[in-house]
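Just so you know, these numbers use all the heavy atoms, side chains as well, and skip hydrogens, waters and symmetry mates. Along the sequence shown, residues are numbered consecutively beginning with 1.
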Amino acid sequence: MNANPSMNEAILQVEHLSMKFGGLVAIGDLSFVAKRGEITALIGPNGAGKTTVFNCITGFYKPSEGMITLNRNDGSSYLLERLPNHEIPARAKVARTFQNIRLFSGMTLLENLLVAQHNKLMKASGYTILGLFGFSGYRRASAESVDLAKHWLEKADLVDRADDPAGDLPYGAQRRLEIARAMCTGPELLCLDEPAAGLNPKESAALNELLIDIKDTSGASILLIEHDMSVVMQISDHVVVLEYGRKISDGSPQSVRTDPRVIAAYLGVDDEDVESVLTEVGDEDVIEQLDTGPDAAHGPGTSSSYLAGPVTDTVGHSSGERVTVAKGASKAGQVDAKSLAAADKAASLAAVPAAPRAPAAKAKPAPKAAPKAAAGTAVKSTAPTKRAAKVPSAKAPAAAAGGISNRLPAPRGGKADNLTRIKGIGSVNEKKLNDHGIFHFDQIGAWKKADVEAAEAYLAFDGRIAREEWVKQARLLSQGKDTEFSRRVDAGKVATSHASGKTAAKPVAGKRGGSK
C-alpha cells in the first residue's frame with residue numbers, strides 16, 4: 001500500500017454521532033475529523049464513551065444518530081453506519097484491536113498472522129478444496145501471505161519467535177503481535193483500543209516505535225484510544241478529548257494538555273482537593289482558572305452522572321419518567337461556565353467609566369502607594385474613611401475593589417480563623433479572602449446578598465457560595481460548632497494551609513470559631 005501524498009485529507013469524518021442505550025446516552029452529538037497519514041488519539045476519563053465510539057466506527061454498534069464517513073485512498077467513500085459489520089474491514093479497510101488481547105494463544109505467531117489473511121487465501125482456493133491440490137494461484141497467494149506475515153513480524157521485532165506459541169510471549173510482545181495481525185489485513189484506518197494498557201516503560205517505547213513506523217511507511221492512518229499520556233503526547237498528531245460522551249477539546253497535543261477543561265476532567269478529585277493537586281504539579285495559572293464549580297456531593301449520582309444528553313438536557317425512560325441532567329456533572333463544563341462569567345464581568349467593567357473601579361487595576365501596589373489607595377477607598381460609600389486610612393497599603397486596593405461591607409484591615413487579635421474549614425474554601429480562596437479583608441467566620445456568617453455577589457465577582461464564582469452554603473457553615477463555626485467537613489479538616493483528612501486543622505482564633509476556651 002502506498003502512502004497518499006495528500007496528508008491533510010480527512011480519512012474519517014464523524015458527524016453528530018449519538019449513541020443511546022435505553023435511557024443512557026453514551027455519546028452525545030460528537031463530531032471530529034481524523035486526517036490521513038496522522039495518528040489521532042481519542043482520550044478522556046473512564047466512562048467518557050471512547051470505546052463506544054470505536055464500536056460505532058467498526059460496526060459493533062449502530063449509532064442512534066449521526067454519520068460516520070470513511071474515505072479510502074482510491075477515492076471511494078463509505079458510510080460505516082450503513083455497512084454490515086463484516087464489510088467494514090473488507091470493503092472500507094478498517095481494522096481494530098481491543099482492550100483485552102484476543103490472540104489464538106495455542107497457535108504460533110506466524111499462524112496468527114496467516115489467519116488474518118484468510119479472505120485472500122479462501123478466494124485463491126476458489127472457496128473449495130483447490131488449495132489441497134497445490135494449484136498455482138493458491139501457492140502464489142500462500143507465499144505472499146507468508147511473506148507479509150514475516151514482514152510484520154520483523155516490524156514488531158518478533159520474527160525470531162515466529163514458530164513459538166502466541167501464549168508464550170510476554171504481555172508487551174502480545175500487544176505488538178496483535179497490532180501486526182491487524183496490519184496483515186491491509187487496513188487504511190487502524191483503530192487501537194488502549195494498546196499501551198499494562199505495559200512497562202520499555203514496552204511502551206517499543207510500541208511507540210511500531211506505531212510511528214506504521215504511520216510513516218505503511219500509509220495507514222491510526223485512531224487511538226489511550227490513557228497512557230506518555231504514549232499520546234509523544235506520537236499523536238491530533239487529540240480529541242471526551243467527557244460524558246461530549247467533546248470538550250480538539251487540537252494538537254500541546255494545546256490539549258494545557259486546556260483547563262481537560263485538566264479538570266482528568267483530575268477526578270473533589271473541588272476542595274483540586275487546588276492542592278495542582279499546587280503539587282506547580283501549575284499556578286491553572287489553579288486560578290479551575291478555582292470554581294460544585295463538588296461531587298452536589299452533582300448527580302453514579303448512575304445519573306452518565307446522562308449527558310445528546311441534544312437536550314433531559315432523557316426519557318420507558319415508564320415516561322424524564323430525568324434532568326445535573327448542570328454540574330461536567331468538570332469541563334464548570335470551567336467553560338466560569339470563563340464565560342469572567343468574560344462577561346470584564347466586559348461590564350470595561351463599559352463603566354466611573355473612577356471607583358480605578359484602584360482595582362492596581363493589585364497590591366508598593367507601600368509608597370498607600371495614600372493614593374486610601375483616597376480611592378474613601379470614595380466607596382460602603383467603607384468609612386477612618387477605617388480606610390488604617391488599612392495597610394498592600395490590602396487597600398483589593399478592599400476598595402470588592403465592595404464587601406464588613407472588611408477588616410487586619411485579623412482581630414493578630415490571628416485569622418482557618419477559613420479552609422468551610423467547604424469550598426481552599427488555600428487559594430482563603431488567601432484571596434484574606435487579601436480582601438475577610439479573616440473570620442463571623443464576617444462570612446454576616447454576609448448579605450450584596451456581600452455574596454461582591455465576593456463572587458472578586459473570586460470569579462457563579463453561585464457557588466450559596467450552593468455550598470458558605471454563610472450557613474460560617475455561622476455554625478463562629479458559634480463554636482463543627483460541620484461534617486470541618487471535622488474532616490480537623491482530622492487531617494483534607495489538606496489545609498494551616499499547621500493544625502483547628503481554627504486559629506479561639507475566643508472562648510474549648511470553643512472553635514472566629515472572634516465575636
Legend entry - Any side-chain donor near an acceptor of the partner, Asp29 and Ser18, under 3.5 Å: no

Legend entry - Modelled atom types, side-chain donor and acceptor of Asp193 and Thr51, under 3.5 Å: yes

Output yes when a side-chain donor or acceptor of [X] lies under 3.5 Å from a complementary backbone atom of [Y], and no otherwise.
{"X": "Thr483", "Y": "Gln473", "answer": "no"}
{"X": "His440", "Y": "Ala416", "answer": "no"}
{"X": "Ser236", "Y": "Val232", "answer": "yes"}
{"X": "Asn208", "Y": "Ile212", "answer": "no"}
{"X": "Asp451", "Y": "Ser405", "answer": "yes"}
{"X": "Glu203", "Y": "Asn200", "answer": "yes"}
{"X": "Glu226", "Y": "Asp228", "answer": "yes"}

Within the 4.5 Å heavy-atom criterion, are [X] and [Y] side-chain neighbours or not?
{"X": "Val33", "Y": "Leu12", "value": "no"}
{"X": "Ser221", "Y": "Leu190", "value": "no"}
{"X": "Asp259", "Y": "Ile248", "value": "no"}
{"X": "Lys215", "Y": "Asp237", "value": "yes"}
{"X": "His238", "Y": "Asp250", "value": "yes"}
{"X": "Ile11", "Y": "Lys35", "value": "no"}
{"X": "Arg175", "Y": "Leu199", "value": "yes"}
{"X": "Ile214", "Y": "Ile179", "value": "yes"}

Legend entry - Derivation and outcome, side-chain contact (heavy atoms from CB on, under 4.5 Å), residues Glu65 and Leu17: CA-CA 6 Å; Glu65 303 172 22; Leu17 177 66; over 6 Å; no

Locate the shortest heavy-atom distance separating [X] from [Y]; write the atom from each residue and the value.
{"X": "Ala474", "Y": "Gly445", "value": "CB-N, 3.6 Å"}
{"X": "Ser249", "Y": "Val256", "value": "OG-CG2, 3.7 Å"}
{"X": "His16", "Y": "Ser31", "value": "N-OG, 2.8 Å"}
{"X": "Ala455", "Y": "Ile465", "value": "CB-CD1, 3.8 Å"}
{"X": "Asn100", "Y": "Glu178", "value": "O-OE2, 4.0 Å"}
{"X": "Val239", "Y": "Ile43", "value": "CG1-CD1, 3.7 Å"}

Output the distance between atom [atom1] ([X]) and atom [atom2] ([Y]), rounded to the nearest 0.5 Å.
{"X": "Gln443", "Y": "Leu408", "atom1": "CD", "atom2": "CG", "result": "4.0 Å"}
{"X": "Phe439", "Y": "Glu430", "atom1": "CZ", "atom2": "CD", "result": "10.5 Å"}
{"X": "Trp470", "Y": "Lys423", "atom1": "CH2", "atom2": "NZ", "result": "12.0 Å"}
{"X": "Ile225", "Y": "Leu192", "atom1": "CD1", "atom2": "CG", "result": "9.5 Å"}
{"X": "Cys191", "Y": "Arg96", "atom1": "SG", "atom2": "CZ", "result": "7.5 Å"}
{"X": "Ile27", "Y": "Tyr244", "atom1": "CD1", "atom2": "OH", "result": "14.0 Å"}

Listed by chain and number, what are the side chain to side chain contact (heavy atoms under 4.5 Å, CB included) partners of [X], not counting sequence neighbours?
{"X": "Ala206", "value": "Arg176"}
{"X": "Met233", "value": "Met229, Pro253, Arg257"}
{"X": "Val471", "value": "Trp447, Val452, Arg475"}

Inset, instruction - Not counting sequence neighbours, which residues clear ring pair (Phe, Tyr, Trp, His ring centres under 6.0 Å) with Tyr171? List them please. - result: none

Inset, instruction - Please list, chain by chain and in numerical order, all residues satisfying side-chain hydrogen bond (donor to acceptor under 3.5 Å, both in side chains) with Thr40, sequence neighbours excluded. - result: none

Legend entry - Under the side-chain hydrogen bond (donor to acceptor under 3.5 Å, both in side chains) test, residues paired with Glu209 that sit two or more places apart: none

Legend entry - Ring-face cation of Arg102 near Phe98 (centre distance under 6.0 Å, axis angle within 45°): yes

Legend entry - Check ion pair Asp482-Arg488 (N to O, under 4.0 angstrom): no

Inset, instruction - For Lys472, look at atom NZ and say whether over 12 heavy atoms of other residues, nucleotides or ligands are found less than 6.0 Å away. - result: no

Legend entry - CA sep, side-chain torsions, deciding dist, call: Ile57, Leu223, side-chain contact (heavy atoms from CB on, under 4.5 Å): CA-CA 10 Å; Ile57 292 172; Leu223 183 62; 3.6 Å; yes

Inset, instruction - Could you tell me if the ring centre of Tyr61 sits under 6.0 Å from that of Phe54? - result: no

Inset, instruction - Show your working on side-chain contact (heavy atoms from CB on, under 4.5 Å) between Ile68 and Glu15 and close with a plain yes or no. - result: CA-CA 6 Å; Ile68 307 171; Glu15 301 173 79; over 6 Å; no

Legend entry - Criterion side-chain contact (heavy atoms from CB on, under 4.5 Å) on Ile438 and Asn406, from CA distance to verdict: CA-CA 8 Å; Ile438 304 299; Asn406 59 351; 3.9 Å; yes

Legend entry - Option from Asp417, Leu419, Asn418, Ile422 for which side chain to side chain contact (heavy atoms under 4.5 Å, CB included) with Leu477 holds: Ile422

